[in-house]
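Notes follow the structure.
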Amino acid sequence: MLDKFKDECGVFGIFGHPEAANLTYLGLYALQHRGQESAGIATADGEKVRVSRAMGHVAEAFDERALESLPGHIAIGHTRYSTAGESRLQNAQPILIDCAHGQIAIAHNGNLVNARELRDRLVRDGSIFQTSSDTEVVLHLYARSREHTVEDALIESISQISGAFSFALMTKDRLIAARDPHGFRPLALGRLGDAYIVCSETCALDLIGATYLRDVEPGELLIIGDGGLRSLHAFPRGPLAHCIFEHVYFARPDSYVFGKSVNEVRTELGRILARESPAEADVICPIPDSGVCGATGYSDASGIPMEMGLIRNHYVGRTFIQPQQAIRHFSVKIKLNPVRSVLEGKRVVLIDDSIVRGTTSRKIVTMVRAAGAKEVHMRIACPPTISPCFYGVDTPNKSELIAATHSTEEIREFIEADSLAYLSLEGLLQSVAPESGSYCTSCYTGKYPVAIPRDERAYLQLALKAVE
Ligand code: SF4
């Protein structure tokens, strides 16, 4: 398995289209990179909410019959990588409940940092949980609310949670979107004819031919029904903390997130890296696919030509069924193959977007040398990753992050490169200027914008361990 942080989740919602389920299926297809463990779609026809969920990729999870069993003009969908809660069907989303306020389904991208605390309290008060997912906490809070309207019950329940959330929710006759006051995870609003759409990334709008209108704002609750769209600034806006890793790695380069083109930011990271850490070399090679934009920028700023010195096999199955270390090494070889004609006799700069444990980088450097490279220089288009994420991204324990315990020189020795340099934190922030102050950079600094309760850290790390 390539040594990367794991993607989180993708959410999609649509109101006012006769083919809501089919379009949600396509939207999830575009968001597949954000989660590959399970997929689900819920639809409503004004009378009833129905849901279908399955393990696996969107294409495996749904066939024509499954989509036909989901009638209605409203739908939400979810692709999941489990960041909190084990990987099993019960934890797949959307989660649908029926309570005093009627049916409600929820799809969540992010991670709640006070879920355990709330869950313990709810269990003490008699709640019975069906899943180990943090998202279910919101539904319990909602079901217990004594407010009289769906809207007020939602505001009351969401006001109690803390952390990262971009929600797509639906009742039998409404689509609702909510984003946490810090705006950790992206959530875009679009339009297709008379239909409204919310989705994690704009690439999902592109696929179905919809137009991007704007982002759902941090702290905003959007309610879309037969009367149109209503926006409530229901939750006091906190200091903004957009996840910078969306730009570095997670989001697709053809998306716009936090109002910026991912491709442009990622390419700029490469340009800044080239200025900060130049290398005497003959060729720039990206580690595909994540290093491609950074390598384009590095090549652009350095004037050194870029070539594909490593080719990725896109048809390799999901490798989490190969958990042993010995096989993991094999999976690097099966995913990437060096191109001898590009590398032989050359001084090569390899560009990647991150080093997590360092084991994959070491394999790649060895592979490139074995293919005849004279020198191998590694350049990383982000700062050293030194701290885990608690806001919806699956990261290893701090002790497993090589940069948390090793200096850059020690990492260079470990991966056996001739030189190694990372982008500086200032360089990273420069790429998103002038909004640099609106970003979360905790995994590079260890400073967390939303406090994480002490036992919550242990709980979250335990939950992540369970799915490794
Ligand atoms: S800690 Fe890192 S991955 Fe997590 S939200 Fe902050 S920037 Fe993103």
Side-chain angles (χ1 to χ4, degrees), residues 2-11 33-35 81-84 108-115 134 161-167 179-187 200-201 215 218 238-252 255 257-260 262 265-266 269 290 352-357 380-404 422-433 435-453 456-457 459-461 463-464:
L2 293 179
D3 190 25
K4 298 288 174 201
F5 280 8
K6 304 286 186 327
D7 294 0
E8 332 119 54
C9 296
V11 300
H33 60 290
R34 297 182 72 88
Y81 179 82
S82 43
T83 47
H108 175 198
N109 176 204
N111 222 127
L112 308 181
V113 299
N114 63 343
D134 58 335
I161 59 175
S162 166
F165 56 87
S166 283
F167 289 137
R179 195 162 167 223
D180 70 70
H182 308 278
F184 277 104
R185 303 278 145 232
L187 194 60
S200 294
E201 290 181 38
D215 281 359
L240 290 179
H242 304 320
C243 171
I244 202 142
F245 219 77
E246 293 279 353
H247 278 304
V248 170
Y249 173 68
F250 291 130
R252 268 176 42 168
S255 285
V257 296
F258 313 129
K260 288 190 184 305
V262 176
V265 172
R266 224 169 263 176
L269 291 173
S290 52
D352 205 355
D353 57 3
S354 56
I355 296 180
V356 180
R357 295 179 179 86
I380 305 298
C382 78
T385 313
I386 58 161
S387 243
C389 174
F390 298 99
Y391 308 126
V393 172
D394 182 22
T395 51
N397 282 322
K398 192 170 171 107
S399 59
E400 290 173 75
L401 295 170
I402 191 167
Y422 289 87
L423 186 71
S424 68
L425 184 63
E426 297 69 38
L428 177 69
L429 291 172
Q430 200 183 317
S431 72
V432 289
E435 289 93 16
S436 321
S438 313
Y439 280 83
C440 172
T441 55
S442 306
C443 44
Y444 309 116
T445 59
K447 292 178 193 144
Y448 293 93
V450 173
I452 300 120
E456 204 74 25
R457 289 182 182 229
Y459 169 73
L460 281 171
Q461 284 298 301
L464 300 180

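Read the numbers this way: they start at 1 and go in the same order the structure lists the ligands and their atoms. Counting from 1, the numbers follow the sequence of the chain as shown.
Between atom 8 (Fe) of ligand 1 and C440 there is no N/O/S contact shorter than 2.8 Å. Look at C443 and atom 2 (Fe) of ligand 1: an N/O/S atom of the residue is under 2.8 Å from the metal.
Each of the atoms 3 (S), 5 (S), 7 (S), 8 (Fe) of ligand 1 lies under 4.0 Å from some heavy atom of C243. Every atom of ligand 1 is numbered from 1 in the order shown, and the set under 4.0 Å from a heavy atom of F245 is 3 (S), 8 (Fe). Of all atoms in ligand 1, numbered sequentially from 1 with element shown, those under 4.0 Å from a heavy atom of I244 are 7 (S).
In this structure, R185 has a heavy atom closer than 4.0 Å to ligand 1.
Ring planes of F167 and F165: parallel class, angle under 30° (limits at 30 and 60°).
You'll find the side chain of V262 stays beyond 4.5 Å of the side chain of R252, heavy atoms only.
Of all the heavy atoms in S387 and K398, the pair that sits closest is OG-NZ, 3.4 Å.
Every residue meeting the side chain to side chain contact (heavy atoms under 4.5 Å, CB included) condition with P384, not counting sequence neighbours, appears here in chain and number order: I386, A403, Y422. Residues passing the side chain to side chain contact (heavy atoms under 4.5 Å, CB included) test with P186 are R34, E246, V257, F258, sequence neighbours excluded.
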